[in-house]
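Here's the structure, in structure tokens; my notes come after.
Positions are given from 1, in the same order as the sequence printed here.
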Amino acid sequence: MTDDTLSRPTVHALLADGTTVCIRPVRREDHDQVQGLFEEMSPENLRLRFFAASRRSAQMAADRVCAEPHPGYRALLAETGGRVIGLAEYDSGGSGDTAEISIAVADGLHHRGVGTLLVEHLVSAARTEGVTTFTADALSENHEVLKLFADLGLPTARRFEGPEVRCTIALDRSDTYLTAVEERGRTADVISLEPLLRPRTVAVVGAGRRPGSVGRAILHQLHAGGYTGRLFAVNPRASSILGVPCHPSVGALPRTPDLAVLALPADAIPATAEECGKAGVRAVLVVTAGLDTDQGRALLAACRAYGMRLVGPNCLGISNTDPELRLDATFAAGHPRTGTAGVAVQSGGVGIALLDGLSRLGIGVSSFVSLGDKYDVSGNDLLQWWESDGRTDLALLHLESFGSPRAFSRTARRVSRRMPVLTVDAGRTEAGRRAAASHTAAAATRTMTRGALFTQAGITATHSCGELLETAALLHSQPLPAGPRVAIVTNAGGAGVLAADACAESGLQLPAPGPELIDDLLAVLPAGAAVGNPVDATAAVTEEQLTNCVERITRNGAVDAVIVALVPTAVAAATGDDLVRALTRIPGRRSKPVVAVRLEQGLPVELLPAADDTTIPSYAEPQAAARALAHAARRAVWLARPAGTVPDLDDVETDRARAFVEAYLDRHRDGGWLDPRECAELLGCYGIRQSPWAWADTENDASLAAERLRGADGRVVMKGYWPGLVHKTAEHAVHLDLRGDSQVRAAFRDLETRFAGLLEGVLIQPLADRGTELFAGVVQDQVFGPLVLFGLGGTATEVLADHAARLAPLTDLDVHDLITAPRCAPLLLGAGGTPSGGGTRPVDLQGLEQLLLRLSRMASDLPQLAEADFNPVLATPGAVTVLDARVRLLPRGPQDPYLRRLR
């Protein structure tokens with residue numbers, strides 16, 4: 001089942017008020033309901049819809065909508081509680097790129113976003129069928145529908161014709177439209193989460209009378225935590241538990257709860273969820289684990305049918321530490337400390353570790369959600385909640401899976417501009433694994449794909465819970481460094497060396513101090529101090545001297561951050577100096593971060609109080625301090641960059657490419673690898689430059705082609721071809737440096753003999769000039785979408801796996817990152833790693849950018865493009881040329897990752 005509305009008949013989505021509705025195609029059996037939708041309209045609304053108030057219009061409309069479908073026609077309805085509340089349709093007449101659209105919404109349900117949501121889904125469906133323009137006629141007094149069109153975010157033109165208005169809506173794919181859809185979705189999403197995260201009434205279903213049950217533990221947490229709303233328990237065999245009144249069922253509660261916590265055996269969950277829905281419950285938290293497929297499907301169906309948001313199943317619970325609410329519906333051992341970090345995890349164990357760590361550090365939690373099996377509420381929902389709650393300034397995520405990564409990435413890019421978003425990169429491949437990258441799909445590991453998502457979205461990805469907390473401590477307490485330049489101050493030379501090694505390993509720089517700074521430091525440090533980087537202040541340094549030293553370094557323009565590495569000494573103890581106390585005298589509010597390293601410290605990270613009620617992070621290991629600073633420096637770089645734009649490309653024939661793909665898949669129902677001629681035709685649609693080549697079926701054809709393609713030195717290359725051939729060199733299906741007709745003929749006969757029964761023909765190409773062999777490719781991930789890979793090519797690509805990756809569509813900044821990220825980048829940029837470096841000239845960087853952008857565009861245009869593999873790509877100062885290209889197509893439908901819908 002694809003994500004396309006065409007093949008996924010039922011989609012659930014949120015209206016502007018947070019209500020869940022079902023969006024689906026109209027069926028013939030909907031005739032009576034559709035007719036009823038119109039018949040229940042007021043005469044005035046009927047007149048606005050049909051330009052007349054005739055009751056016959058209702059039957060005629062229902063007859064048309066529910067008739068046998070015809071090409072170019074699409075009708076979608078919105079349904080809630082089994083009642084049709086809205087209808088939208090378009091008709092292109094089966095040809096052309098323009099379709100007429102009409103909308104109807106039930107009386108009493110206007111201004112809730114029903115029509116807008118239906119139109120968004122129609123827009124998505126129309127684009128897949130080649131419709132580029134909607135037209136609509138409306139009475140000029142029909143302000144509601146005119147406002148709906150104007151607010152879509154699509155270019156809309158109006159032409160007044162007497163009492164009517166002709167509206168023309170261009171279905172472009174601009175960022176303006178995506179932003180408008182995103183904003184509507186965010187508003188609806190946040191409202192829908194209110195009963196979950198700000199419930200006025202909570203019922204715990206399954207709280208036991210005896211200690212030891214999960215339900216009783218959650219009830220205790222809610223009660224003991226001081227939840228300020230109404231609290232009930234549901235247990236037919238008790239009148240009260242822990243002082244909380246009990247009732248025999250959800251339906252028997254004196255007040256309908258906003259949130260129901262279900263802690264029951266798995267087989268009881270679906271029926272209880274159904275009971276909650278019938279009672280009017282608006283959100284459900286299911287902590288129960290072990291639901292089988294049928295039980296899980298029934299649980300989600302009940303939540304969708306009654307419009308309930310769902311957390312879980314198989315989760316730890318949720319918490320909102322707002323002092324006016326004090327909601328702790330978890331079975332963690334303690335209550336989370338009130339604070340400013342939003343936390344969402346899939347693992348309950350990780351959740352407990354993060355809650356404890358954040359509470360210990362004093363950062364605390366604004367809200368916490370254990371997502372569990374994540375049937376409904378996801379990390380994307382929580383990012384939008386934290387963006388809007390007015391309390392969260394730090395977002396921490398532990399996500400093992402993604403429902404819609406591209407929608408998540410778009411949300412995360414926006415939220416990351418407002419607050420740090422950190423994650424534990426869970427589910428990574430085993431340490432040290434290298435892809436045997438004989439083709440693109442093999443190179444594209446899930447780790448690489450997730451890394452591309454995090455990098456492009458501005459998410460700080462860490463490798464452990466400990467590293468997550470270490471980085472969160474710094475980002476919570478310190479300003480971001482302006483760059484990677486770090487100064488180290490220590491009272492023990494060995495500690496300084498360890499800190500210097502850690503900084504170098506984390507990609508930070510240790511600039512030597514300038515003469516002015518050296519003089520400043522020597523004036524305040526004890527005799528014998530070594531003023532380099534690290535600054536060895538010696539064991540004789542006093543509190544005051546250390547404070548003055550650090551303050552002078554922070555004022556120096558050549559330093560972006562300071563690490564103070566301290567060890568306890570008998571000298572300081574004898575003089576009564578407390579060097580840690582010296583750090584607390586340094587104001588926390590400054591333009592540069594200061595962090596401490598104390599090798600004797602018992603905890604991995606602590607926050608020390610500073611002079612102005614701020615804090616300074618202190619680490620037990622210099623590696624932790626360096627990692628945190630490196631993460632902070634990368635965040636500063638990401639924030640300083642513009643968002644990037646997807647450049648316009650000339651010589652792109654998208655329609656021709658789509659027609660080619662459709663024709664190929666008509667001939668090859670299961671898809672497959674394109675042959676060289678087909679591959680060249682597709683690449684030609686995107687202006688991707690290949691080395692000159694010719695196809696030869698016979699020895700004579702090969703001889704003639706070689707004669708035609710020989711360069712100045714007369715040498716050519718011959719490559720064998722048969723379907724399924726992955727790596728020609730590994731199969732010894734390539735002859736290089738062929739001179740003269742006899743060598744060409746001998747090479748053909750060799751391939752024909754060795755690969756008898758396989759060989760379909762050969763490619764003849766001129767022998768390429770010298771240059772850097774690169775690899776460029778794309779793989780279409782079913783979850784993440786198209787991923788573009790780039791790196792060192794040729795046979796070395798298998799051994800070195802020197803690749804970088806970014807998710808398409810690529811912006812101008814993404815392309816720059818792709819080119820500069822691999823270890824081979826200095827070979828491309830010229831000697832010294834800069835385009836202006838001497839010795840060697842840079843390759844054609846503009847040509848390389850164009851190749852990657854065109855590859856990205858091809859993958860974005862064609863969801864059927866399962867894999868493309870350009871290896872090698874020859875890069876020289878004068879040109880970038882694809883020497884060998886392979887493309888695989890599969891019968892996949894188009895996807896719209898930004899279409900508003902629930903998981």
Residue of the set Val646, Val788, Leu853 for which side chain to side chain contact (heavy atoms under 4.5 Å, CB included) holds with Val815
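The option that passes is Leu853.
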Salt-bridge criterion met for Arg886 and Asp675 (N-O under 4.0 Å):
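The answer is no: the pair does not qualify as a salt bridge.
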Is any NZ, NE, NH1 or NH2 atom of the basic residue among Arg74 and Glu129 found under 4.0 Å from an Asp or Glu carboxylate oxygen of the other?
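Salt bridge present between Arg74 and Glu129.
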Residues forming a side-chain contact (heavy atoms from CB on, under 4.5 Å) with [X], sequence neighbours excluded:
| X | value |
| --- | --- |
| Ala659 | none |
| Ala126 | Tyr90, Val131, Phe134, Leu171 |
| Ser691 | Gln765, Pro766, Thr881, Leu883 |
| Asp648 | none |

Check whether the side chains of [X] and [Y] place a donor and an acceptor atom closer than 3.5 Å, and report yes or no.
| X | Y | value |
| --- | --- | --- |
| Arg857 | Thr654 | yes |
| Arg854 | Gln850 | yes |
| Tyr686 | Asp861 | yes |
| His463 | Asp425 | no |
| Glu849 | His816 | no |
| Thr698 | Asp701 | yes |
| Asp750 | Thr753 | no |

Could you tell me whether the side chain of [Y] reaches within less than 4.5 Å of the side chain of [X], counting heavy atoms only?
| X | Y | value |
| --- | --- | --- |
| Lys719 | Trp693 | no |
| Thr449 | Leu807 | yes |
| Thr772 | Val873 | no |
| Ile688 | Val882 | yes |

Tell me, please, which residues at least two apart from [X] pass ring-ring contact (aromatic ring centres under 6.0 Å, His included).
| X | value |
| --- | --- |
| Tyr664 | His668 |
| Phe755 | Trp722 |
| Phe784 | Phe402 |
| Phe790 | none |

Compare every heavy atom of Leu852 with every heavy atom of Ala776, then report the nearest pair and how far apart it is.
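Between these two residues, the closest heavy atoms are CB-CD2, 4.1 Å.
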Nearest atoms (heavy-atom pairs only) where Arg710 meets Gly740:
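It is NH2-C, 3.0 Å.
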For Glu699, check side-chain hydrogen bond (donor to acceptor under 3.5 Å, both in side chains) against everything at least two apart and list the hits.
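Partners of Glu699 under the side-chain hydrogen bond (donor to acceptor under 3.5 Å, both in side chains) test: Arg745, Arg749.
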I'd like to check the salt bridge (Lys or Arg N to Asp or Glu O under 4.0 Å) partners of [X]; sequence neighbours left out, ordered by chain and number.
| X | answer |
| --- | --- |
| Arg739 | Asp737 |
| Glu182 | Arg410, Arg414 |
| Arg656 | Glu653 |

Check the pair His631, Glu467 against side chain to side chain donor-acceptor pair (under 3.5 Å), reporting the backbone distance first and the verdict last.
CA-CA 10 Å; His631 283 307; Glu467 186 181 344; 2.7 Å; yes
Carefully, step by step, assess Arg667 and Glu678 under the rule salt bridge (charged side-chain N to carboxylate O under 4.0 Å, His left out).
CA-CA 13 Å; Arg667 299 191 305 271; Glu678 293 166 330; 3.4 Å; yes
